[in-house]
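Only heavy atoms go into these numbers, but all of them, side chains included; no hydrogens, no water, no symmetry mates.
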Amino acid sequence: QVLLVESGGGLVQAGGSLRLSCITSGRTLSTYHMGWFRQYPGKEREFVAAISRDGFPTSYADDVKGRFTISRDTGAFTLYLQMDSLKPEDTALYYCAAGVKFPFLAKETLFWGRGTQVTVSS
């Protein structure tokens, strides 16, 4: 019923940029609030950013404010995460997520993508 497929991860130098994409099924973007989470090996999955099903407002974790931007293109059924000024500590597996609360925690997520790896070198 809800399919989320991430792409756009890769290797980038510190200070560089990447744009992650999440292709969604049907009217997912207008039905659920959407978010991005990330997970380090052996750590809990943590909140990065969220966008309301209305397209606004948006919400960000403190350590990514001013650097990351969440957006969507409903016509293309796609959610985006533009990541600028990347730091080595941004290295993680990034997941696309859907929920009914805004914003929402990992434990409140209803649907997950399988993730895309982001690696930032020094």
Roughly how far, to the nearest 0.5 Å, is [atom2] of [Y] from [atom1] of [X]?
X	Y	atom1	atom2	result
L18	M83	CG	CE	4.5 Å
M34	T58	CE	OG1	14.5 Å
S59	F102	OG	CZ	5.0 Å
L4	Y32	CG	OH	10.0 Å
S30	R72	OG	CZ	5.0 Å
Q39	Q117	CD	CD	11.0 Å

Sidechain-backbone polar pair: [X] side chain, [Y] backbone, donor-acceptor under 3.5 Å:
X	Y	answer
T28	T24	no
H33	R53	yes
W36	Y80	yes
S52	D54	yes
E6	R114	yes

How about CD on E89, more than 12 heavy atoms from neighbouring residues, nucleotides or ligands closer than 6.0 Å, or not? yes

Is there a side chain to side chain contact (heavy atoms under 4.5 Å, CB included) between T116 and S7 once you walk through the steps? CA-CA 6 Å; T116 186; S7 64; 5.6 Å; no

[X] and [Y]: which non-hydrogen atoms are nearest, and at how many Å?
X	Y	result
Q1	F111	NE2-CZ, 3.5 Å
A97	T109	CB-CG2, 3.6 Å
S17	D84	OG-OD1, 2.8 Å
A14	S122	CB-CA, 4.5 Å

Residues S21, L79; criterion side chain to side chain contact (heavy atoms under 4.5 Å, CB included); working and verdict: CA-CA 6 Å; S21 297; L79 177 74; over 6 Å; no

For the pair F37 and F104, name the ring-plane relationship: parallel under 30°, tilted 30 to 60°, perpendicular over 60°.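 Tilted, since the angle between the ring planes falls between 30° and 60°.
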
Using 30° and 60° as the class boundaries, would you call the ring planes of F68 and Y94 parallel, tilted or perpendicular?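 Aromatic pair F68/Y94 classed tilted.
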
Below 4.0 angstrom, N of the basic side chain to O of the carboxylate: do K87 and D90 qualify? no

Considering only NZ, NE, NH1 and NH2 on the basic side and carboxylate oxygens on the acidic side, decide whether R38 and E46 come within less than 4.0 Å. yes

Pairwise side-chain contact, V48 with L81, heavy-atom cut-off 4.5 Å (strictly under): yes

Single-linkage hydrophobic cluster, 4.5 Å side-chain cutoff, [X] and [Y] together:
X	Y	result
V100	I70	yes
Y60	L86	yes
V2	I51	yes

Do D73 and T78 pair up side chain to side chain, a donor and an acceptor below 3.5 Å, judged on atom types alone? no

Considering the options V120, T91, T119, which one meets the side-chain contact (heavy atoms from CB on, under 4.5 Å) requirement together with V12?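 Of all the options given, the one that passes is V120.
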
State whether Y95 and R45 meet the cation-pi test: NZ (Lys) or CZ (Arg) under 6.0 Å from the six-membered ring centroid, and within 45° of the perpendicular axis. yes

